[in-house]
Participant: 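Before we start, here is the structure in question, set down as structure tokens.
Because only heavy atoms are used, hydrogens play no part in the values below, and waters and symmetry mates are left out as well, while side chains stay in.
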Amino acid sequence: MSDNPDREPERGQRTAAEGAQGAEQGQAPERKTQAEHSQGEQRPQTEQRSLNEQREQRLRNLEALVERGFEAHPYAYAPTHTAARLHELHPAPEPGDRLGDERVVVAGRVLLLRMLGKLTFATLQDGSGGRIQASFQKDKLEAYNALKKVDLGDWLEVGGTLYATKTGELTVDADAFRPLVKSLRPLPDKHHGLTEKEARYRQRYLDLMVNPEVKRAFELRGKATSYIRRYLDGLGFLEVETPVLQAVPGGAEARPFVTHHNALDYDFHLRISLELYLKRLIVGGFDAVYEIGRNFRNEGISYKHNPEYTMLELYWAGKDYLDILALVETLYSGLVQELLGTTKLTYQGTVLDFTPPWPRVDYTGELAKRAGFDFDPLDEERLRAWTAEKHPGAAAGELPLAQRPLNQLFDKLYDIYVEPNLVGPVFVMDHPEAISPLAKRHRSRPGLVERFEPVAVGMELGNAFSELNDPLDQRERFERQQALRDAGDDEAQMLDEDFLTALEYGMPPTGGLGLGIDRLAMLLADVPSIRDVILFPLLRPQ
RNA sequence: GGGUCGUUAGCUCAACCGGUAGAGCAGCUGACUCUUAAUCAGUAGGUUGUAGGUUCGAGUCCUACACGACCCA
């Protein structure tokens, strides 16, 4: 790096010219695209006049920097320290201190620029999430005047020695600087930032740039999946990848997306679950497999639902659902401890204690208690009579609740009376067989299966079974699902003949788990919506 | 699918009962060697989401549409 770079100025010049030209060319197709989307109105030019003026000014500034000998688009940069690291090294410098002779190089986006005549301060933000101040003195820098051509949002590389200002702020006393890239568009308001949610989702890069807590949420999410991989790998699990495009989308009750493969001329579905393929792998002889993958459900969007979301699914031969339950407790509490330094986290003002063991409640027992039944929920006749009395209404085009299939009846009552009221973390245990077509019958409780769901703050965090491995029973369950489909329930599961064939070769006793990664991330980051932990949530195109 | 609210300058927001659409930041010009959202002086920037309607006059009222937020099913 050089104050007045002499390396290949000719090349730099040419590169800069290309860069500027390229940027101008970049405008034309964008205008066209906007014109297309505004359906032939001639709005864009007038509407964006102010923006275009600023962009043109920035292009002129770029040209001016190139004329001074700076490269418009350098190919690499190599800071000696991140901003965060410098603050670690010098946590509380004394005002006015010189902090050694070591020359440091920092690089980052210029968020603030304060020009005081012959002295300029800039605040740079880099990928560490930290910010570092640099100061530039006219009498030390030949290229000082070029700072006038630096705009907010540009990236800058700055070399120099460290000191603390009068007020004690750690600052790089620049002996050289170099623009790394120009921002052609103005940053959001430096004080208020970007607040409109739509803009934050559509232009997440801006959200990340100016809202540090957003970046933190995604860092936590990344660390969480990393922890899960380390934990499972340590137990001897193998991470695998199974098909997203599936002929028969199985493993869950959900409407799938449909897509078409041209060469095979077949309509495939995007997967709604990882389950049935992972179980085939247990049949194939893997003892312990997991996948962290995207599911796609063609359903509504809410604070806890996005049409594409991420699941961890694991299958562990030899284990039953209680073994899996212990794994969930250990994994969750260890993860929360590692990332937040405690097993008690605060989610939207509610303290959740993930220290094992978590309380357990019985699915049917809790339903009876919270809904106020004086009978066993498995007594279908009384359940329907009670429902007919308490929930007589029906939405347009739908049957009254009491007349719907038993699985829908249970799901609905659970959604009304139980789930929203569970603060947790808590395990809901032993679901009715009618709502669990892939889980093994309970070894001692007729009508129930060996299944649990971890629940917190009214959200299902996961789902686990002793996996059904009796192929004849599985076929019957599928056939009952098929009957529901035939009766108009398009969320009922499809019969997967190939999966049944696999089961007929014998799947050893196996415990399985699905864990929602997005909801885990919501809890860790303490954010109210799933969209706050999905970088680019699904939006209608503009 | 229903309800409520919202959409005004690049960003964040104003605009009373329907009467010439404003401010801060960003931009531009200038001043300034310890600033911290720097400050100071000046300056430019608008088809008020789209299309209709009512009215002498619409950002404001009405209708439809688009996009979004929140709540409900």
Participant: Counting any heavy atom closer than 4.0 Å, what does A:Gln137 reach on the DNA or RNA strands: base, sugar-phosphate only, or nothing?
Facilitator: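 Base contact.
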Participant: With no hydrogens and no angle check, just 3.5 Å: does a side-chain donor-acceptor pair link A:Asp489 and A:Gln408?
Facilitator: yes
Participant: Under 4.0 Å, heavy atoms only, any strand: does A:Leu206 hit a base, just the sugar-phosphate, or nothing?
Facilitator: nothing
Participant: Need one value for A:Gly193: base, sugar-phosphate or nothing, where a base atom within 4.0 Å counts as base even if backbone is also close, heavy atoms only.
Facilitator: sugar-phosphate
Participant: Return each pair, listed once, that meets salt bridge (Lys or Arg N to Asp or Glu O under 4.0 Å) where at least one residue sits in residues 124-139 of chain A; pairs must be two or more places apart or across chains.
Facilitator: none
Participant: Can you run down the salt bridge (Lys or Arg N to Asp or Glu O under 4.0 Å) pairs that involve residues 145-156 of chain A, sequence neighbours left out, and say none if there aren't any?
Facilitator: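 Those involving residues 145-156 of chain A are A:Asp151-A:Lys182, A:Asp154-A:Lys182.
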Participant: Heavy-atom contacts under 4.0 Å between residues 407-424 of chain A and RNA chain B, which residues?
Facilitator: none
Participant: For B:rU7, does the base pair up with any side-chain atom of A:Glu198 as donor and acceptor (N or O, under 3.5 Å, distance only)?
Facilitator: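 No pair found.
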Participant: Pick the P atom in B:rC72 and in B:rA64, then give their distance to the nearest Å.
Facilitator: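 Nearest-Å result for B:rC72 against B:rA64 at atom P: 26 Å.
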Participant: CD1 of A:Ile301 versus C1' of B:rA73: gap in Å, rounded?
Facilitator: 16 Å
Participant: Consider the side chain of A:Phe121, meaning its heavy atoms from C-beta on, and name the nucleotide among B:rC28, B:rG24, B:rC34 that approaches it most closely.
Facilitator: B:rC34
Participant: What contact category does A:Gln133 fall into here, base, sugar-phosphate, or nothing, at under 4.0 angstrom with non-hydrogen atoms?
Facilitator: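 Counting heavy atoms under 4.0 Å across all strands, the contact made by A:Gln133 includes a base.
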Participant: Please list residues of residues 207-217 of chain A whose heavy atoms come under 4.0 Å from any atom in RNA chain B, ordered by number; otherwise none.
Facilitator: none
Participant: B:rU12 and B:rA26: how far apart are their P atoms, nearest whole angstrom?
Facilitator: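 Comparing P positions in B:rU12 and B:rA26 gives a spacing of 15 Å.
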Participant: Of A:Glu169 and A:Gln203, whose closest RNA chain B nucleotide lies nearer the 5' terminus?
Facilitator: A:Gln203
Participant: Would you call A:Lys140 and A:Asp173 a salt bridge, taking side-chain N to carboxylate O under 4.0 Å as the test?
Facilitator: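 Yes.
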Participant: Listed by chain and number, what are the side-chain contact (heavy atoms from CB on, under 4.5 Å) partners of A:Lys215, not counting sequence neighbours?
Facilitator: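 Applying side-chain contact (heavy atoms from CB on, under 4.5 Å) to A:Lys215 gives A:Leu208, A:Glu219.
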Participant: In whole Å, what is the span from the CG atom of A:Leu152 to the P atom of B:rA38?
Facilitator: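 Atom-to-atom, A:Leu152 to B:rA38, this comes out as 8 Å.
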Participant: Under the rule syn = chi within 90° of 0, otherwise anti, which is B:rC17?
Facilitator: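 In terms of base orientation relative to the sugar, B:rC17 is syn.
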Participant: Would one find a side-chain N or O of A:Thr195 under 4.0 angstrom from OP1 or OP2 of B:rC13?
Facilitator: yes
Participant: What is the distance, rounded to the nearest whole Å, between atom OH of A:Tyr163 and atom P of B:rU35?
Facilitator: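 Rounding to the nearest Å, OH of A:Tyr163 and P of B:rU35 are 11 Å apart.
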Participant: Output yes when A:Glu196 and A:Arg200 qualify as a salt bridge under the 4.0 Å nitrogen-oxygen rule, no when they do not.
Facilitator: no
Participant: NA contact type, A:Tyr303, heavy-atom cut-off 4.0 Å: base, sugar-phosphate, or nothing?
Facilitator: nothing
Participant: Measuring only the P atom in each nucleotide, how far is B:rU36 from B:rG45? A whole number of Å is fine.
Facilitator: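 Between the two P atoms, the distance is 31 Å.
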Participant: Rounded to whole angstrom, note down the C1' distance from B:rU48 over to B:rU43.
Facilitator: 24 Å
Participant: Show me, pair by pair, the donor-acceptor contacts under 3.5 angstrom made by side chains of residues 368-375 of chain A, not counting sequence neighbours?
Facilitator:
unit_1: A:Arg370; atom_1: NE; unit_2: A:Glu366; atom_2: OE2; d: 2.6
unit_1: A:Arg370; atom_1: NH2; unit_2: A:Glu366; atom_2: OE2; d: 3.1
unit_1: A:Asp374; atom_1: OD1; unit_2: A:Arg382; atom_2: NH2; d: 3.4

Participant: A:Thr165 near the nucleic acid: base, sugar-phosphate alone, or nothing, with a heavy-atom cut-off under 4.0 Å?
Facilitator: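 Base contact.
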Participant: If the C1' atom of B:rU55 is compared with that of B:rA9, how far apart are they to the nearest Å?
Facilitator: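 28 Å, rounded to whole Å.
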Participant: So does A:Lys190 get a side-chain nitrogen or oxygen closer than 4.0 Å to the phosphate oxygens (OP1/OP2) of B:rA26?
Facilitator: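 Yes, such a contact exists.
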Participant: Pick the C1' atom in B:rA23 and in B:rU35, then give their distance to the nearest Å.
Facilitator: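 Approximately 25 Å lies between the C1' atom of B:rA23 and that of B:rU35.
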Participant: Aromatic contact between A:Phe70 and A:Phe177, with the criterion being ring centroids under 6.0 Å apart: yes or no?
Facilitator: yes
Participant: Would you indicate which nucleotide in B:rG45, B:rC32, B:rC67 comes nearest to any side-chain atom of A:Arg540?
Facilitator: B:rC67
Participant: What dot-bracket string describes RNA chain B from 5' to 3', counting Watson-Crick and G-U wobble pairs whose defining distances are under 3.5 Å, with [ ] for crossing pairs and | for pairs to another strand?
Facilitator: (((((((..((((.....[..)))).(((((.......))))).....(((((..]....)))))))))))).
Participant: Please report the distance, rounded to the nearest Å, between NZ in A:Lys138 and C1' in B:rC34.
Facilitator: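 It is 18 Å, rounded to the nearest whole Å.
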Participant: Specify the separation, in whole Å, of atom CG of A:Leu124 and atom C1' of B:rU35.
Facilitator: 14 Å
Participant: Just to confirm, is there a sub-4.0 Å distance from OP1 or OP2 of B:rU35 to any side-chain nitrogen or oxygen of A:Arg114?
Facilitator: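 Indeed not, no polar side-chain atom of A:Arg114 lies that close.
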Participant: Applying side-chain contact (heavy atoms from CB on, under 4.5 Å), can you list everything that pairs with A:Ala84, at least two apart in sequence or on another chain?
Facilitator: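 Listed in chain order: A:Thr82, A:Ser128.
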Participant: Hey, is the side chain of A:Asp189 pairing donor to acceptor with the base of B:rG24 inside 3.5 Å?
Facilitator: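 Pair found.
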Participant: Over all strands shown, is A:Arg200 touching base, sugar-phosphate only, or nothing at heavy-atom distances under 4.0 angstrom?
Facilitator: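 Result for A:Arg200 = nothing.
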Participant: Once side-chain contact (heavy atoms from CB on, under 4.5 Å) is applied, do any residues pair with A:His81, and if so which ones, sequence neighbours excluded?
Facilitator: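 In terms of side-chain contact (heavy atoms from CB on, under 4.5 Å), with neighbours along the sequence ignored, A:His81 is linked to A:Arg85, A:Leu86, A:Leu89, A:Glu102, A:Val104.
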Participant: Specify the residue among A:Leu119 and A:Leu194 whose closest nucleotide of RNA chain B lies further upstream toward the 5′ end.
Facilitator: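 Counting from the 5' end, the first nearest nucleotide belongs to A:Leu194.
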Participant: Which residues pass the salt bridge (charged side-chain N to carboxylate O under 4.0 Å, His left out) test with A:Arg114, sequence neighbours left out?
Facilitator: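 Partners of A:Arg114 under the salt bridge (charged side-chain N to carboxylate O under 4.0 Å, His left out) test: none.
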Participant: Between B:rG27, B:rG68, B:rC32, spot the one nearest the side chain of A:Gln54, thanks.
Facilitator: B:rG27
Participant: Would you call the rings of A:Tyr363 and A:His431 parallel, tilted or perpendicular, taking 30° and 60° as the class edges?
Facilitator: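 Ring orientation of A:Tyr363 relative to A:His431: tilted.
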Participant: If I take atom NE2 in residue A:His191 and atom P in nucleotide B:rG10, what distance separates them, rounded to the nearest angstrom?
Facilitator: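 Rounded to the whole Å, the gap is 21 Å.
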Participant: Tell me: CZ of A:Arg131 to C1' of B:rU35, nearest whole Å?
Facilitator: 16 Å
Participant: Which part of the nucleic acid, if any, lies within contact of A:Lys166, taking any heavy atom under 4.0 Å across all strands shown: a base, the sugar-phosphate backbone alone, or nothing?
Facilitator: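 Base: the residue A:Lys166, judged by heavy atoms under 4.0 Å, touches a nucleobase.
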Participant: Got a sec, which residues hit ring pair (Phe, Tyr, Trp, His ring centres under 6.0 Å) with A:Phe427, two or more places apart in sequence or on another chain?
Facilitator: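 Partners of A:Phe427 by the ring pair (Phe, Tyr, Trp, His ring centres under 6.0 Å) criterion, ordered by chain and then number, come out as A:Trp358, A:Phe452.
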Participant: Taking atom C1' in both B:rC13 and B:rU7, what distance in whole Å separates the two?
Facilitator: 13 Å
Participant: Ignoring backbone atoms, test whether A:Arg185 places a side-chain nitrogen or oxygen under 4.0 Å from the OP1 or OP2 oxygen of B:rG10.
Facilitator: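 The answer is no; no side-chain N or O of A:Arg185 sits under 4.0 Å from OP1 or OP2.
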Participant: Is the distance between the ring centroids of A:Tyr144 and A:Phe136 under 6.0 Å?
Facilitator: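 Not close enough - the centres of the two rings lie 6.0 Å or further apart.
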Participant: Taking B:rG59 as the reference, what is the distance to B:rC17 when you measure between their C1' atoms (whole Å, please)?
Facilitator: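 About 15 Å, rounded to a whole number of Å.
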Participant: Less than 3.5 Å apart, which donor and acceptor atoms pair up between the side chains of residues 413-426 of chain A and the rest of the protein, not counting sequence neighbours?
Facilitator:
unit_1: A:Tyr417; atom_1: OH; unit_2: A:His391; atom_2: NE2; d: 2.8
unit_1: A:Asn421; atom_1: ND2; unit_2: A:Tyr417; atom_2: O; d: 2.7

Participant: A:Leu112 CG to B:rU35 C1': how many Å, rounded?
Facilitator: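 These atoms are roughly 10 Å apart.
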